[in-house]
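What follows is a set of notes on a single structure, which appears directly below.
In this text the structure is predicted, and so the values were computed from the model without any measurement.
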Amino acid sequence: VEDMLSSPYRDADPAIKKMGFKSFLGCPVTNHDKNLGELGLIDSQRRTYSPADIQTVDLLARALSIEETRLQKELELKRRIQYESMLKKVSTRAIELKDIQVFMDDCLRLIGETLNLGATFIYEYRESAAEIGLISEWYPSHTAPYKIDLKAIPTDSLSWSPGRLM
């Protein structure tokens with residue numbers, strides 16, 4: 001935009017008048033068709049941007065887009081490695097199983113820490129009593145355990161199907 005003061009943007013953005021912006025050149029920064037922002041040049045002088053200016057800003061915006069995509073993929077890969085490491089630890093503990101309660105408690109801790117959760121639980125469905133009961137739980141050290149009794153919950157008091165637990 002060569003003259004922002006005579007463009008429709010003047011009324012849409014109060015910073016244009018307040019800061020005295022006169023010209024603008026911008027290109028979107030995207031990540032898989034999602035607009036993350038814009039790489040922009042703003043000048044207090046009225047200016048006509050050359051084709052080289054436009055091409056340079058466009059190339060830089062595309063470079064930023066590529067870097068954003070790369071960073072996202074790197075984070076996804078690191079997360080997958082964390083999940084696979086957790087699964088390996090759980091599998092190893094299952095093979096070396098000596099005490100089922102210790103195994104369950106350890107697995108809940110691994111899941112909670114890997115997924116950065118506030119708590120993890122294992123419930124047991126007791127068909128004969130028509131209830132579910134908490135048999136193992138984990139909380140991070142900075143979280144206080146819930147103060148409710150989860151040892152014997154009648155299944156008819158649940159809004160979701162106890163059949164999911166079978």
Would Arg80 and Glu84 pass as an ion pair if we require N to O under 4.0 Å? yes
Flag the pair Arg62 and Asp58 as a salt bridge only when some basic side-chain nitrogen lies within less than 4.0 angstrom of an acidic carboxylate oxygen. yes
Pair Glu76, Lys73 - check salt bridge (charged side-chain N to carboxylate O under 4.0 Å, His left out), show working. CA-CA 5 Å; Glu76 289 171 8; Lys73 294 297 180 188; 3.6 Å; yes
Near Gln82 CD, under 6.0 Å, is it more than 12 heavy atoms from other residues, nucleotides or ligands? yes
Within this structure, what is the OG-CD distance for the pair Ser91 and Glu96, rounded to the nearest 0.5 Å? 11.0 Å
So which heavy atom on Val90 is nearest to which on Phe103, and how close? O-CE1, 3.6 Å
For the residue pair Pro140 and Glu113, establish whether any side-chain heavy-atom pair is separated by less than 4.5 Å. no
First locate atom CG of Asp43, then atom CZ of Phe24, and finally report the distance between them rounded to the nearest 0.5 Å. 12.0 Å
Output the distance between atom CD (Glu68) and atom NE2 (His32), rounded to the nearest 0.5 Å. 11.0 Å
Step by step, work out the side-chain hydrogen bond (donor to acceptor under 3.5 Å, both in side chains) result for Ser50 and Asp53. CA-CA 5 Å; Ser50 71; Asp53 294 334; 3.2 Å; yes
Any non-hydrogen side-chain atom of Leu115 less than 4.5 Å from a side-chain atom of Arg79? yes
Distance (rounded to the nearest 0.5 Å) between Cys27 SG and Leu59 CG: 9.0 Å
OH/Tyr139 to CZ/Phe121 distance, rounded to the nearest 0.5 angstrom? 4.0 Å
I'd like to know if the side chain of Asn31 reaches the main chain of Lys34, judged simply by a donor and an acceptor atom lying under 3.5 Å from each other, with no hydrogens or angles considered. no
Between Lys22 and Ser44, what is the shortest heavy-atom contact and its length? CG-O, 3.0 Å
Measuring from atom CG of Leu117 to atom CH2 of Trp138, what distance do you get when rounded to the nearest 0.5 angstrom? 7.0 Å
For Thr114 and Met86, indicate whether the former's side chain and the latter's backbone hold a donor-acceptor pair under 3.5 Å. no
Report yes or no: does Thr30 contribute a side-chain atom to a donor-acceptor pair with the main-chain N or O of Asp33 at less than 3.5 Å? no
ILVMFWY cluster, Ile54 and Leu41 together (side-chain gap under 4.5 Å): yes
Is there a donor-acceptor pair closer than 3.5 Å between any side-chain N or O of Thr120 and the backbone N or O of Leu108? yes
Hey, any chance Leu110 and Tyr83 share a hydrophobic cluster, counting ILVMFWY side chains that come within less than 4.5 Å of each other, even indirectly? yes
Cluster link Tyr49 to Val29, ILVMFWY, side chain under 4.5 Å: yes
Could you check whether any side-chain N or O of Ser85 sits under 3.5 Å from a backbone N or O of Ile81, counting only pairs where one atom can act as donor and the other as acceptor? no
Any side-chain to backbone donor/acceptor pair from Glu137 onto Asp105? Under 3.5 Å, distance only. no
Determine, step by step, whether Gln45 and Ser23 satisfy the side-chain contact (heavy atoms from CB on, under 4.5 Å) criterion, reporting the C-alpha distance in whole Å, the side-chain angles of both residues, the deciding distance to 0.1 Å, and the verdict. CA-CA 7 Å; Gln45 301 299 314; Ser23 65; 5.9 Å; no
Could you state whether Met104 and Ile111 fall into the same hydrophobic cluster, counting links through intermediate Ile, Leu, Val, Met, Phe, Trp or Tyr residues with side-chain heavy atoms under 4.5 angstrom apart? yes
Considering all heavy atoms, the nearest Leu39-Leu60 contact: CD2-CB, 3.5 Å
In the single-linkage hydrophobic clustering (I, L, V, M, F, W, Y; side-chain heavy atoms under 4.5 Å), do Ile122 and Leu97 co-cluster? yes
